[in-house]
Amino acid sequence: MARIIGVDLGTSNTYIYRKGRGIVIREPSAIAVAEEKSKVVALGEDAYAMLGKEPSGITAYRPIKDGVISEFDITVAMLHGFFVKSAGKGTLNRPNVVLTVSQSITEVERRALEEAASEAGARSVAIIYSPFAS
């Protein structure tokens, strides 16, 4: 049976909730990527600590700006890393995702978030507005 997780993908922080376990991830929305191989080097707090101090060959990103995706491929990689941390690796561990969004986003931004979560490994994606999730 697939896991159901709740994701609050914010500009500053990402929260992931699992039923029965509570909030399992509470980390900055940041990722560090090796430039030559496009390999994820750090995620969350580790990547946030690198911002502005990256070693050569590594770039740190904050891919969410004002609640919407500014770097699509980087956001997909970040979400994938968070999904693996919260649900584990493998096709059997692909989570069903409930994603919270701001009421002020456009339909295009909403579809981009859905697509990013799907490409990151979500089995299915449901979108709800943040006030309802509260």
Residues passing the side-chain contact (heavy atoms from CB on, under 4.5 Å) test with Ser70, sequence neighbours excluded, are Lys65

May I ask you to decide if Pro95's main-chain N or O and Arg123's side chain share a donor-acceptor pair within less than 3.5 Å?
no

Hydrophobic cluster partners of Val108 (side-chain heavy atoms under 4.5 Å):
none

Under 4.5 Å between side-chain heavy atoms, hopping through other hydrophobics if needed: is there a path connecting Ile58 to Tyr61?
no

Heavy-atom donor-acceptor pair, Arg18 side chain to Ile4 backbone, under 3.5 Å:
no

All side-chain contact (heavy atoms from CB on, under 4.5 Å) counterparts of Ile127, not counting sequence neighbours
Leu99, Val101, Arg110, Glu114, Val125

Using the test side-chain hydrogen bond (donor to acceptor under 3.5 Å, both in side chains), find all partners of Ser29 that sit at least two apart in sequence or belong to another chain.
Thr14

Going through the distances and angles, do Phe83 and Val7 end up as a side-chain contact (heavy atoms from CB on, under 4.5 Å)?
CA-CA 9 Å; Phe83 290 170; Val7 179; 4.0 Å; yes

Applying side-chain hydrogen bond (donor to acceptor under 3.5 Å, both in side chains) to Thr11 and not counting sequence neighbours gives none

Taking only residues at least two apart or on different chains, which pairs with a member in residues 39-51 satisfy side chain to side chain donor-acceptor pair (under 3.5 Å)?
none

Val84 reachable from Ile23 in the ILVMFWY side-chain graph, under 4.5 Å edges:
no

Test Thr100 against Tyr129 for side-chain contact (heavy atoms from CB on, under 4.5 Å), laying out the working first.
CA-CA 5 Å; Thr100 64; Tyr129 293 116; over 6 Å; no

So, for Pro63 and Thr75, which heavy atoms are closest and what is the spacing to 0.1 Å?
CB-OG1, 3.2 Å

Any side-chain heavy atom of Leu79 sitting closer than 4.5 Å to one from Leu9?
yes

Measuring from atom CD of Glu115 to atom CD1 of Ile69, what distance do you get when rounded to the nearest 0.5 angstrom?
8.5 Å

Let me check something: do Met50 and Ile74 share a hydrophobic cluster, defined by ILVMFWY side-chain heavy atoms less than 4.5 Å apart, either directly or through other members?
no

Leu113 and Val68: side-chain contact (heavy atoms from CB on, under 4.5 Å), yes or no, with the steps?
CA-CA 8 Å; Leu113 285 167; Val68 295; 5.8 Å; no

Show your working on side-chain contact (heavy atoms from CB on, under 4.5 Å) between Arg62 and Ser12 and close with a plain yes or no.
CA-CA 8 Å; Arg62 305 261 321 183; Ser12 300; 3.9 Å; yes

Would you mind listing every salt bridge (Lys or Arg N to Asp or Glu O under 4.0 Å) that reaches into residues 19-32, with sequence neighbours excluded?
Glu27-Lys85

Identify whether Met78 and Tyr17 are in the same connected component of the hydrophobic contact network (ILVMFWY, side-chain heavy atoms under 4.5 Å).
no

How close do Val41 and Val33 get, counting heavy atoms only, and between which atoms?
CG2-C, 4.1 Å

Please check if the number of heavy atoms outside Glu107 that lie under 6.0 Å from its CD is greater than 12.
yes

Tell me, please, which residues at least two apart from Val76 pass side-chain contact (heavy atoms from CB on, under 4.5 Å).
Phe72, Ala116, Glu119, Ala120

Give me the atom names and distance for the closest heavy-atom approach of Ala47 to Ala60.
O-CB, 4.1 Å

Name all residues meeting the side-chain hydrogen bond (donor to acceptor under 3.5 Å, both in side chains) criterion together with Ser118; count only those two or more places apart in sequence or in a different chain, and write none if there are none.
none

Sequence neighbours excluded, which residues qualify as side-chain contact (heavy atoms from CB on, under 4.5 Å) partners of Glu35?
Thr59

Are Val97 and Ile25 linked, directly or through other ILVMFWY residues, by side chains that come within less than 4.5 angstrom of each other?
yes

